[in-house]
Amino acid sequence: MDEDFRKAALDYHRLPRPGKLSVEPTKRMATQRDLALAYSPGVAAACEAIAADPACAHEMTARGNMVAVITNGTAVLGLGAIGALASKPVMEGKAVLFKKFAGIDSIDLEVDELDPQKFIEAVAVLEPSFGAINLEDIKAPECFEIERALRERMKIPVFHDDQHGTAIIVAAAVRNGLLLQGKSLAEAKIVTSGGGAAALACLDLLVAMGASRDNITVTDIKGVVHVGRNELMDPYKDRYARETDERTLEQALAGADVFLGLSAPRVLRPEWLPKLAPRPLVLALANPEPEILPEAVRAARPDAIVATGRSDYPNQVNNVLCFPFIFRGALDAGATTINEAMKVAAVEAIARLARIEASEVVAAAYGGNAPVFGPQYIIPKPFDPRLILEIAPAVARAAMDSGVATRPIADFAAYKETLERFVYRSGDLMRPVIFAARKQPKRIAYSEGEDERVLRAVQTVLDDGLAEPVLVGRRAVIEAKVRAMGLRMDLDESVRVLDPAEDDAVFGPLVDVYRAKVARRGVPADSCERVVRTRPATATALLLETGQVDAALVGGQGEWMRQWHQAFDVIGKRDDVSRVYAMTGVILPAGTLFFVDTHLLVEPTASQVAEMTLLAAEQVRAFGLHPKAALLSHSSFGASNAPSARKMREALALIKAQAPDLEVDGEMHADAALVQAIREKAVSDSPLTEAANLLVLPNLDSANIAYNLVKAAADGLQIGPMLLGMRKPVHVLVPSVTARGIANLTAVATTQA
């Protein structure tokens, strides 16, 4: 690494506080009663329950979600035997990855012991503390014996990630690489450079998946591993000793379909590449410099598919693709081990994920150009958020099928929904709405059908069964983007495409509909056809108005208010309301807050504040939440007689008269709305229980400022804005909307329809 990067890395580990981990309590510790429950005497009840039934430890302690990352520092990255203490930054990093990617609590343990038997004894006695053990950076061949002994002695998963994590990613790459090259694993000739723990684990897993030992040649620093060789041999390497006259890597490469490098830089020379079979797979995984650089492979063998361990080349073999999610599935099923069936299940899940379109997160990392399954993309990117949704359930199911699960998962659909909290922060909030949408999918039109975010969202909508999508846009452009993005939607079957400029049978009659609506609004009659043909929001709203779709999402590009007016000119408001309002949700770690009106009405009257509150409460209920409304002001409970404070007091009276059962109070400060203790100190009779979740602001400025401030300060996730009071279900997307946000609003619109 260069000096600037080295300094940045040191500062990262040093500042603002040393290290990358901390321990945080999961329970409240605010009162004497809290302390009594957490420790003496209350803790005795939990101890007695576990003593009576050890399985209770999973329910009453963190053990079921706790992994120990353990090393003796004998093979740390490419640094070698630097010792237990020097390995600590790596182990802390591994623990952080467990938490970041799979929500698993983890602690690093650096054991200063080189004797394998003593190391085994030190780790084995830790079983009561942890749900699983991740062995890390232990040199071969000791690592084989250590893992074997610990797996025999311990009734929790023991997993040496350097071996098996690498093996799982390599096997997924081989599975997809051979698929693209038109070859079978059973017939593939495989040659390795390297005979260490990772290389042998890769071969063991490939054999378990169908590779033939007779087609495998292992080479190391002393050449080919062959029958009769004595130098640098061990029982684990002996399994792959072959009867052969080949003695060098160069000789072994003749006709090889797969080169698997887990050794050292530059050991595979470009002039040897012609010896490989047609359409070879080259996995050069030495780090930081591979056995051969991908550009050298491409120059000599353009028919080859190449993978490395580096992030600056395509097809990075990175253990973070699997280990957090394998442990997630194993812990959730209460697995007593991680066996071969579970590893194979992880391989197939990873390989399968690469064959479907990349996620929005991956696309963003590529500057908007998402990778598509092919020679440059045979395994998912490490930050693909869907990995946990594919791997953890596959591993848990394999644990059950192979008989090692002590807590079998009864409902995998429900289990997958619980995992979505690691992928989509909106998952918990949206679950009731999505469930309702799936019951009766509706026809939903999207005005910006050519937008890549819309196309990704529509693929999600189809996969989840939320709606029947109608894309408004140029068919040729949409078709090209669907192909380029690797999406699976069928534009002739599952999706309808309508082009206002070309589909005269659909949009021709809509011109007269539009003309009738705007004839007395100053819109010249001769411009109506141009508007319908060139304004997607107007054309889409007309599809909704004439019943050709059941709901619509417009906007996402251009000014929000302009798109809103185009939709409103066609659809209009409900007859039973005076105005249309906008409500925006912000998902925070502590829950969701809804703000109203965030976009439309600059200075509402008291009756309009009451009306928007009742409409918003109705929408909050659609999310399966009990609305708790707070009317906010600079004044708290009558402390001011300013016009805005009087307005909120008048609105409260109107709301109570119309909806006496609604939990609502005001006018109040924002902190009183969110903190019950502050509210109770001000008044003793507030009908609000706990924190408010619906915040009603006195004007547009305060509402828009409030939701944006909370969203930015607390890293909140926005849902909406959702239009309240429209005559038919239509919503206007903000320019910053994500594909997931569009899918979420699709579910909202479907339930409204």
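In what follows, every heavy atom counts, from backbone to side chain, and hydrogens, waters and symmetry copies are set aside. Residue numbers count from 1 along this sequence.
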Looking only at heavy atoms, what is the nearest atom pair of [X] and [Y], with distance?
X: Ala95; Y: Leu21; answer: CB-CD1, 3.7 Å
X: Val737; Y: Arg453; answer: O-NH1, 2.9 Å
X: Gly195; Y: Asp220; answer: N-CB, 4.1 Å
X: Glu24; Y: Ser22; answer: OE2-OG, 3.3 Å
X: Ile338; Y: Lys343; answer: CG2-CG, 4.2 Å
X: Ala197; Y: Ala140; answer: N-CB, 3.9 Å

Inspect the contact between [Y] and [X] and indicate whether a charged nitrogen and a carboxylate oxygen are less than 4.0 angstrom apart.
X: Asp11; Y: Arg14; value: yes
X: Glu348; Y: Arg175; value: yes
X: Asp332; Y: Arg328; value: yes
X: Arg148; Y: Glu152; value: yes
X: Lys189; Y: Asp257; value: no

[X] atom [atom1], neighbour heavy-atom count above 12 within 6.0 Å:
X: Ile221; atom1: CD1; value: no
X: Leu15; atom1: CG; value: yes
X: Asp234; atom1: CG; value: yes

N/O donor-acceptor pair under 3.5 Å between [X] side chain and [Y] backbone:
X: Gln316; Y: Gly309; value: yes
X: Glu127; Y: Lys155; value: yes
X: Arg63; Y: His58; value: no
X: Asn315; Y: Val306; value: yes
X: Asn134; Y: Val69; value: no
X: Asn65; Y: Gly103; value: yes
X: Arg488; Y: Gln459; value: no
X: Thr71; Y: Glu136; value: yes
X: Lys139; Y: Gly80; value: no
X: Asp411; Y: Ala414; value: yes

So, [X] and [Y]: side-chain donor and acceptor under 3.5 Å apart, yes or no?
X: Tyr313; Y: Gln376; answer: no
X: Asn339; Y: Arg151; answer: no
X: Ser263; Y: Glu291; answer: yes
X: Arg355; Y: Asn176; answer: yes
X: Asn319; Y: Thr166; answer: yes
X: His13; Y: Glu92; answer: no
X: Tyr236; Y: Asp204; answer: no

Quick one: do Leu276 and Val282 satisfy side chain to side chain contact (heavy atoms under 4.5 Å, CB included)? Show the steps, please. CA-CA 10 Å; Leu276 299 174; Val282 177; 4.1 Å; yes

Considering only heavy atoms from C-beta outward, does the side chain of [X] approach that of [Y] to under 4.5 Å?
X: Ile70; Y: Val111; answer: yes
X: Cys322; Y: His164; answer: no
X: Val170; Y: Leu260; answer: yes
X: Thr336; Y: Ile156; answer: no
X: Met342; Y: Ile326; answer: no
X: Val67; Y: Ile133; answer: no
X: Val158; Y: Thr337; answer: no
X: Ile305; Y: Gln181; answer: yes

Would you list the pairs meeting side chain to side chain donor-acceptor pair (under 3.5 Å) in which at least one residue belongs to residues 77-87, sequence neighbours left out?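 Not a single pair qualifies under side chain to side chain donor-acceptor pair (under 3.5 Å).
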
Among Asp162, Asp161, Asp108, which residue satisfies the salt bridge (Lys or Arg N to Asp or Glu O under 4.0 Å) criterion with Lys94?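 Of Asp162, Asp161, Asp108, salt bridge (Lys or Arg N to Asp or Glu O under 4.0 Å) with Lys94 is met by Asp161 alone.
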
What distance separates [X] [atom1] from [Y] [atom2], expressed to the nearest 0.5 Å?
X: Arg239; Y: Leu203; atom1: CZ; atom2: CG; answer: 9.0 Å
X: Leu283; Y: Leu262; atom1: CG; atom2: CG; answer: 8.5 Å
X: Leu293; Y: Arg298; atom1: CG; atom2: CZ; answer: 9.5 Å
X: Leu179; Y: Ser184; atom1: CG; atom2: OG; answer: 11.5 Å
X: Arg397; Y: Asp401; atom1: CZ; atom2: CG; answer: 7.0 Å
X: Leu321; Y: Ile391; atom1: CG; atom2: CD1; answer: 7.0 Å

Step through it carefully: locate the ring centre of Phe159, locate the ring centre of Phe323, and say whether they are under 6.0 Å apart.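 Ring-ring flag for Phe159/Phe323: false, centres at least 6.0 Å apart.
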
Taking it one step at a time, do Arg266 and Glu289 satisfy salt bridge (Lys or Arg N to Asp or Glu O under 4.0 Å)? CA-CA 8 Å; Arg266 301 181 300 280; Glu289 185 178 350; 2.8 Å; yes

Testing Thr192, Thr217, Thr219, Val218 for side-chain contact (heavy atoms from CB on, under 4.5 Å) with Val225, which one passes?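 For Val225, the side-chain contact (heavy atoms from CB on, under 4.5 Å) test succeeds with only one of Thr192, Thr217, Thr219, Val218, which is Val218.
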
Would Ile169 and Ile350 satisfy side chain to side chain contact (heavy atoms under 4.5 Å, CB included), going step by step from the backbone distance to the final call? CA-CA 8 Å; Ile169 309 306; Ile350 293 167; 3.7 Å; yes

Let's go through Gln163 and Phe144 carefully: what are the C-alpha distance in whole Å and the side-chain angles of both, what is the deciding distance for side chain to side chain contact (heavy atoms under 4.5 Å, CB included) to 0.1 Å, and is it a yes or a no? CA-CA 9 Å; Gln163 294 180 56; Phe144 299 118; 3.5 Å; yes

In sequence, state the C-alpha distance, the side-chain angles, and the governing distance for Leu180 and Phe373, and then conclude on side chain to side chain contact (heavy atoms under 4.5 Å, CB included). CA-CA 9 Å; Leu180 284 170; Phe373 180 59; 3.7 Å; yes

